[in-house]
Amino acid sequence: MTQTGIFLFLDQQFAVLTFYSGVSVLLECLLFGSTLVCYYGAIIRKWRVETLFLTIAIPYGVFMSLSLPVKSVPDEIAHIYTSYHMADHMLQIEDTDDNSFSIRQQDWVFLSAPIEYENSKELMNEIYKAALAESYESVIEQDAEVCLNGNEVAYVLSAAGIAAGQLLNWNAFWTLNAGRMMNLLQYVLLIYLAIKVMPSLKLVPFTVSLLPMAMQQGMSYSYDSLVIGLSIFTVCGAYGLKRCLSSDRKKSVMYGSLLILSGLVLSSMKSHSYIFVAIVPLIVLLSDNRLFRRILVWILRVMIACVLIFAVYMVVDVLFDIKPLFSVPVNPIAWQDGAQGYTIQYFLNEPFDLLLVYARTVVVYTHFYIRSAISDYLAWLSIRTPLVFVPLFLLFCFAAAREEKTDYINQTEKRYYIVMAMITVASIVMGLLLAWTPVGTGVSLGVQGRYFLPLFVPFFLVFNKGASRFQGCGKYLPAAYALTLMVFSICLITRF
């Protein structure tokens with residue numbers, strides 16, 4: 001009996017060691033190799049930044065996909081079902097309609113497993129063991145209500161990956177990861193093109209796009225993969241268009257067409273939250289125009305006047321207790337039964353409450369937003385990593401913006417970027433305040449740092465001001481950044 005107990009214990013430990021630890025070692029070897037290649041290319045061969053990006057992004061994206069298994073990214077399960085629904089249409093499955101979709105039983109069982117993979121080495125081991133499971137053809141029908149509506153373009157490639165996995169009769173593990181890999185390739189391609197067309201300061205999109213949280217979203221089923229990629233491409237493409245506008249008509253037409261297309265897609269996603277990013281090309285092209293600058297100044301004056309009027313109304317409301325001007329409709333909060341949420345009419349009647357909610361949200365959650373936008377609170381906000389990486393990654397992004405002097409970014413554009421960031425952040429907080437927060441909470445709930453990633457490239461471009469102590473570090477920064485990402489990945493894969 002003792003021998004049997006020892007055998008079972010060793011068998012269990014050996015199984016965990018064989019899959020989880022074995023895959024971990026392979027992933028770390030992959031990243032170590034990519035770091036060496038990046039060092040060789042950056043310092044010895046002096047490769048272009050976009051080429052260096054590929055040497056890091058692809059292996060790092062594969063690492064993130066396997067160390068943060070399917071479903072562990074926020075809301076990913078809904079994005080997966082949406083991709084399955086679209087894959088059914090691609091495969092022309094007859095039973096598929098708007099109310100249901102077909103899914104293989106093995107995939108459904110895989111997706112029904114617990115999502116807290118990050119809390120147990122044994123659970124992670126089961127995920128890796130699923131890669132060796134046999135595939136079978138049994139299909140079941142599911143209600144399409146679990147799918148997301150709108151933004152269909154964001155799921156085309158992930159659905160193609162799932163469809164390919166089904167056609168090749170891959171098991172659930174490889175089929176689901178095929179969808180992820182298609183999104184990763186989409187993200188990498190967009191960033192590669194963004195870096196390539198950027199005339200200077202190429203290290204800014206390089207560092208921002210490789211942030212751990214950006215890569216988590218980039219390799220996932222979430223439409224954030226497309227949103228972040230398009231945002232970075234739109235900002236960088238605007239400067240590429242500005243550079244070639246007077247010298248290369250063919251490139252100008254191509255860049256302009258791509259930017260119009262990316263702007264239309266970007267402005268339609270996530271409740272139009274990033275429409276200000278989508279019009280960056282227009283701002284860049286008009287920023288040297290005197291009339292445009294005067295129009296922008298008047299827009300800012302109108303905004304300031306609105307803020308002053310709002311402040312006067314709040315003071316009058318406090319002093320004289322003005323009666324409510326609007327009836328407040330019921331806004332039930334789905335995640336909390338019986339709770340009434342905030343509405344626009346509520347804040348029109350109680351404008352001072354809106355100011356307090358914003359102030360409390362800034363005080364309480366700013367540190368969380370910064371950390372969860374960089375490298376902390378990965379997966380479903382549950383994987384914590386060493387806090388030292390947050391300021392370190394921020395330093396890399398800041399150094400990238402100060403590494404070279406450029407005349408492509410003028411003061412008008414910098415002012416627009418600041419205003420754009422403020423309005424976008426305020427609208428995101430307001431959106432979650434109206435959709436997710438019960439009355440009386442006092443802060444806006446549900447906002448995560450990853451929502452602000454599309455603003456990072458224009459935000460750091462504001463810090464470019466000419467000569468600095470970071471100038472001349474361009475050939476060393478990519479290699480140092482790759483080494484930092486490798487150390488970070490070791491902390492992530494050995495978190496148990």
Side-chain angles (χ1 to χ4, degrees), residues 61 64-65 68-93 95-104 107-108 110-112 115 139-168 170 172-191 193 214-234 258 261-274 278 380 448 450-451 453-454:
M64 292 293 284
S65 183
L68 302 177
V70 172
K71 281 202 316 174
S72 60
V73 175
D75 302 323
E76 191 173 27
I77 187 67
H79 298 297
I80 293 173
Y81 290 146
T82 307
S83 298
Y84 262 101
H85 197 186
M86 183 172 289
D88 283 356
H89 288 289
M90 289 181 177
L91 296 173
Q92 296 183 346
I93 296 178
D95 295 335
T96 301
D97 54 32
D98 293 335
N99 299 317
S100 65
F101 66 99
S102 300
I103 182 172
R104 296 185 307 179
D107 300 341
W108 180 260
F110 189 91
L111 292 172
S112 301
I115 63 173
V139 175
I140 59 177
E141 289 287 317
Q142 291 299 323
D143 194 337
E145 289 184 359
V146 298
C147 302
L148 300 175
N149 296 320
N151 301 324
E152 287 82 2
V153 67
Y155 302 105
V156 171
L157 290 182
S158 57
I162 290 175
Q166 293 177 337
L167 288 173
L168 296 172
W170 290 347
F173 178 90
W174 294 111
T175 298
L176 289 168
N177 276 283
R180 267 190 167 190
M181 288 301 102
M182 293 297 289
N183 263 12
L184 174 63
L185 291 177
Q186 166 189 265
Y187 178 76
V188 170
L189 177 61
L190 285 172
I191 304 302
L193 294 176
M215 285 302 298
Q216 172 189 284
Q217 298 305 117
M219 63 81 197
S220 72
Y221 277 88
S222 172
Y223 48 59
D224 281 344
S225 174
L226 185 60
V227 170
I228 298 171
L230 280 179
S231 298
I232 296 176
F233 173 77
T234 300
L258 289 175
L261 179 62
S262 66
L264 291 173
V265 175
L266 184 61
S267 62
S268 67
M269 302 185 72
K270 277 212 165 184
S271 303
H272 314 286
S273 297
Y274 304 112
W380 201 281
Q448 300 173 28
R450 60 189 173 93
Y451 300 157
L453 281 169

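When reading the values below, keep in mind they use all heavy atoms of this one structure, side chains included, and skip hydrogens, waters and symmetry mates.
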> Write down the atom of Ala178, the atom of Gly161, and the distance for their closest heavy-atom approach.
CB-O, 3.6 Å
> How long is the straight-line distance from OH of Tyr81 back to CG of Leu111, given to the nearest 0.5 Å?
5.0 Å
> Would you mind writing out the side-chain donor-acceptor pairs for residues 180-188 within the sub-3.5 Å range, not counting sequence neighbours?
| residue | atom | partner | partner atom | Å |
| --- | --- | --- | --- | --- |
| Arg180 | NE | Glu76 | OE2 | 3.0 |
| Arg180 | NH1 | Ser65 | O | 2.9 |
| Arg180 | NH1 | Ser65 | OG | 3.4 |
| Arg180 | NH1 | Leu68 | O | 2.6 |
| Arg180 | NH2 | Leu68 | O | 3.1 |
| Arg180 | NH2 | Pro69 | O | 3.2 |
| Arg180 | NH2 | Glu76 | OE1 | 2.9 |
| Arg180 | NH2 | Glu76 | OE2 | 3.3 |
| Asn183 | ND2 | Ser220 | O | 2.7 |
| Tyr187 | OH | Ser209 | O | 2.7 |

> Using 0.5 Å steps for rounding, measure from the CD1 atom of Ile228 to the CG atom of Leu453.
4.5 Å
> Under the salt bridge (Lys or Arg N to Asp or Glu O under 4.0 Å) rule, what pairs show up with a residue in residues 214-223, not counting sequence neighbours?
none
> Taking only residues two or more places apart in sequence, or in another chain, which ones meet Asp107 in a salt bridge (Lys or Arg N to Asp or Glu O under 4.0 Å)?
Arg104
> Nearest 0.5 Å, what's the OG-CD1 distance between Ser112 and Ile77?
7.5 Å
> Between Tyr155 and His79, do the side chains contain a donor N or O and an acceptor N or O under 3.5 Å apart?
yes
> I'd like to check the ring pair (Phe, Tyr, Trp, His ring centres under 6.0 Å) partners of Tyr451; sequence neighbours left out, ordered by chain and number.
none
> Please enumerate all residues that pass ring pair (Phe, Tyr, Trp, His ring centres under 6.0 Å) together with Phe233, with sequence neighbours excluded.
none
> Can you tell me how far the CE atom of Met219 sits from the CE atom of Met64, to the nearest 0.5 Å?
5.5 Å
> Minimum heavy-atom separation for Ala154 to Met269, with atom names?
CB-CE, 3.6 Å
> CG/Asp75 to CD/Gln448 distance, rounded to the nearest 0.5 angstrom?
7.5 Å
> Which is it for Ile103 and Val139 under the side-chain contact (heavy atoms from CB on, under 4.5 Å) test, yes or no, and what are the steps along the way?
CA-CA 6 Å; Ile103 182 172; Val139 175; over 6 Å; no
> Identify the two heavy atoms, one from Ile162 and one from Ser83, that lie closest to each other, and give their separation to 0.1 Å.
CD1-CB, 3.8 Å
> List for me each residue that meets side-chain contact (heavy atoms from CB on, under 4.5 Å) alongside Ala163, sequence neighbours excluded, and say none if there are none.
Ala87, Leu91
> Locate the shortest heavy-atom distance separating Pro454 from Val227; write the atom from each residue and the value.
CG-CG1, 3.8 Å
> Ignoring hydrogens and angles, tell me if any N or O in the side chain of Thr234 forms a donor-acceptor pair with the backbone of Gly263 under 3.5 Å.
no
> Quick check: does any side chain N or O of Tyr221 sit under 3.5 Å from a backbone N or O of Leu176, one acting as donor and the other as acceptor?
yes
> So which atom in His272 and which in Ser267 form the shortest heavy-atom distance, rounded to 0.1 Å?
ND1-O, 2.6 Å
> Rounded to the nearest 0.5 Å, what separates atom CG in Leu230 from atom CG in Asp224?
11.5 Å
